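Right, one structure below, let's go through it.
Reminder, nothing fancy here: chain letters follow the sequence lines and each chain counts from 1. Model, not experiment: these values are computed from the prediction.
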Amino acid sequence: MLADIFINPFIEMFAYPDFLMQVLWEGLVSGILYALIALGFVLIFRSSRIFNFAQGIMVVFAALTLVGLHAFGIPAWISVILTLGVMFGLAVTIERVVLRPLVGQPDIILFMATIGITLFLIGFGETIFGGENKVMITSELGIPTGDTVLEPFGGLLILQHLDITVVVVATLLVGGLIAFLNYTSMGRAIRALGDDHQAALSVGISLQTIWVLVWFIAGIIALVTGIAWGARAGVSFALEVIAYKALPVLMLGGLESITGAIVGGLMIGMLEKLFEIYWGQPLLGGNTETWFAFVLALVVLLFRPQGLFGEKIIERV
Amino acid sequence: MKDTEGYVTADGRQIGGTLMEMKNITLRFGGVVAIKDISFDVHEGEIRAIIGPNGAGKSSMLNVISGFYTPSEGEVWYQGAKRPQMKPYEVARMGVARTFQNIALFEGMTVLDNVMTGRLTHMNASVLSQAIWWGRAREEEIENREKVERVIDFLEIQHIRKTPVGRLPYGLKKRVELARALAAEPSLLLLDEPMAGMNVEEKEDMSRFILDVNDEFGTTICLIEHDMGVVMDLSDRVVVMDYGKKIGDGTPDEVRNDQAVIDAYLGVAHD
Ligand SMILES: Nc1ncnc2c1ncn2[C@@H]1O[C@H](COP(=O)(O)OP(=O)(O)O)[C@@H](O)[C@H]1O
Ligand SMILES: [Mg+2]
């Protein structure tokens with residue numbers, strides 16, 4: 001039993017390094033999507049102290065809108081652009097109708113308001129698009145569906161082209177976001193607002209503009225993850241769960257750390273896959289991916305209360 | 001008093017016409033009256049001080065000017081027009097920059113990035129072009145960067161350009177905050193106790209920088225101080241506040257010899 005936990009999995013990893021690479025690759029693919037979603041949470045939280053419960057339903061809504069528009073006979077890429085327009089409209093509406101009137105309310109009220117947004121989008125989405133499952137327009141978007149087989153260490157490594165595309169696009173998006181945040185004045189304004197509200201106001205930063213911007217970024221992220229996840233799992237309201245996979249990432253990386261979101265996302269993606277294959281399936285009958293990340297986050301927080309990247313918390317009494 | 005044509009200072013500098021006029025400002029917080037019916041003006045190019053013991057209402061006045069507080073009564077006139085009620089960011093975009101009594105910097109960002117945020121009011125390229133980072137946005141960024149480097153040189157903080165602000169000692173933080181405000185090329189610079197908490201040497205440095213800014217760029221400065229001594233050599237005209245009321249207004253010499261002012265300061269222990 002102890003050997004099954006502490007020795008055998010590692011022997012297996014060394015014995016079949018190609019399979020280990022396969023596991024890590026698949027973990028990386030999910031991990032980068034977790035990172036992306038976590039980034040959406042972090043940007044909104046930093047600039048408004050709001051924990052955006054609606055991130056998950058935004059993924060569903062974006063994917064449904066894309067598929068729905070295409071079903072009207074609109075070409076795939078035009079549908080993508082129109083969907084981005086819809087997500088921008090959503091950001092403007094949320095800022096105007098929900099956030100602005102609630103400015104100054106306790107954070108928990110704003111959190112509950114995002115639950116309200118979630119419920120609204122569920123109802124609204126079902127009314128417009130219907131509740132049945134749909135198929136993501138993967139090939140229409142020109143996303144390749146084949147695979148490439150590599151033979152590292154004389155073994156076998158299968159890379160789905162869809163997964164490669166996801167990794168490339170998500171990496172570009174994360175890289176683009178980081179460049180945007182670091183090297184443009186708008187990005188600097190987003191970071192500034194997250195750092196000190198008063199100071200941000202004094203240099204002419206408008207809360208409203210930044211809020212629309214970060215919710216729009218969250219919308220773009222929702223669309224990309226919606227396409228990537230929808231291409232494997234189909235487009236349904238169940239897509240929402242991808243957002244909840246980002247929660248342990250936030251527990252680990254912190255709600256305010258951009259680095260934390262990225263590193264935490266990749267870490268959790270790979271570790272949960274490793275655990276599932278080498279420990280979960282042989283010892284626990286599988287299905288550990290649904291909860292492993294939360295347990296991991298809990299354990300890390302037990303030893304590092306400040307999370308992976310937070311400054312050490314100094315209790316103020 | 002209402003000399004909109006400007007005046008000549010004791011040391012021979014020509015001061016311009018009225019830049020801002022506060023008319024009968026009253027500010028209440030529930031039952032507390034922080035400012036009681038105060039009027040004063042600020043002229044182009046002058047260094048105008050507001051002094052008074054702690055709790056006199058000076059910071060409140062600065063917050064009214066910068067739009068952080070909405071006055072209960074009274075009007076703010078700026079560049080010859082009555083200013084409607086504005087949000088702080090709107091006031092900032094009119095060219096009013098400020099520092100805070102308790103320093104409000106972006107602690108997690110570098111000195112350079114902090115000072116760069118001072119240029120936000122001058123950035124016009126749309127969000128979209130910034131997202132793509134082309135053309136105008138790129139040009140603007142370079143142009144702003146040059147201006148910021150000049151401010152950094154001017155305030156002698158080149159050596160900490162890349163340091164995260166959170167790691168700096170207090171005195172340097174104050175200087176970075178001044179740099180950020182200055183980077184906006186403000187038409188009015190508001191400084192809330194720029195020398196508070198500094199040692200003698202740092203105070204002298206800060207005084208010199210304030211004078212240099214005014215001299216070099218002709219920036220109009222309105223500064224607050226609770227310690228009477230520090231500002232007397234610095235300012236052209238002084239408003240004295242006590243318990244929310246204006247008890248004196250004039251040149252440093254006039255104010256120094258005013259009985260009401262002397263009484264207010266003798267009656268209060270201040271550090
Ligand atoms: N936001 C606020 N809410 C309630 N009272 C305030 C607020 N700001 C200032 N005050 C009160 O107004 C008075 C003047 O404070 P302040 O303007 O900070 O004085 P000073 O800067 O001259 O030391 C004090 O009594 C203070 O408690
Ligand atoms: Mg004060």
- prompt: Is the shortest heavy-atom distance from the side chain of A:S202 to the side chain of B:F68 under 4.5 Å?
  reply: yes
- request: Examine whether an atom of B:L105 lies under 4.5 Å from a heavy atom of chain A, and if so say whether it belongs to the side chain, the backbone or both; otherwise answer neither.
  value: backbone
field: Residue A:F88 excluded, over 12 heavy atoms near CZ under 6.0 Å
entry: no
message: To the nearest 0.5 Å, what is the distance between OG on A:S185 and CZ on B:R119?
response: 11.0 Å
- request: With a 4.5 angstrom heavy-atom cut-off, could you sort out which part of A:E256 is near chain B: side chain, backbone, both or neither?
  value: neither
message: Counting C-beta onward and ignoring hydrogens, is there a side-chain heavy-atom pair between B:P88 and A:Q198 closer than 4.5 Å?
response: no
query: Can you check whether B:L120 reaches A:I205 side chain to side chain, under 4.5 Å on heavy atoms?
result: yes
query: Would you say A:R188's side chain and B:T117's backbone share a donor-acceptor pair under 3.5 angstrom?
result: no
field: Leading residue by heavy atom contact count with chain B [cutoff under 4.5 Å; candidates A:L207, A:L201, A:N182]
entry: A:L201
- prompt: Checking heavy atoms, do the side chain of A:A179, its backbone, both or neither come under 4.5 Å from chain B?
  reply: neither
- request: Taking the side chain as every heavy atom from C-beta outward, state whether A:S206 and B:E90 have any pair of such atoms under 4.5 Å apart.
  value: no
query: Would you say A:D196's side chain and B:A104's backbone share a donor-acceptor pair under 3.5 angstrom?
result: no
query: Would you say A:R96 has more than 12 foreign heavy atoms packed within less than 6.0 Å of its CZ?
result: no
- prompt: Between B:R98, B:E107, B:M109, which has the largest tally of heavy atom pairs under 4.5 Å with chain A?
  reply: B:M109
- prompt: Hey, are the side chains of A:R191 and B:F106 touching, using non-hydrogen atoms and a 4.5 Å cut-off?
  reply: no
query: Going by the salt bridge (charged side-chain N to carboxylate O under 4.0 Å, His left out) test, which pairs reach into residues 99-108 of chain A, not counting sequence neighbours?
result: A:E95-A:R100
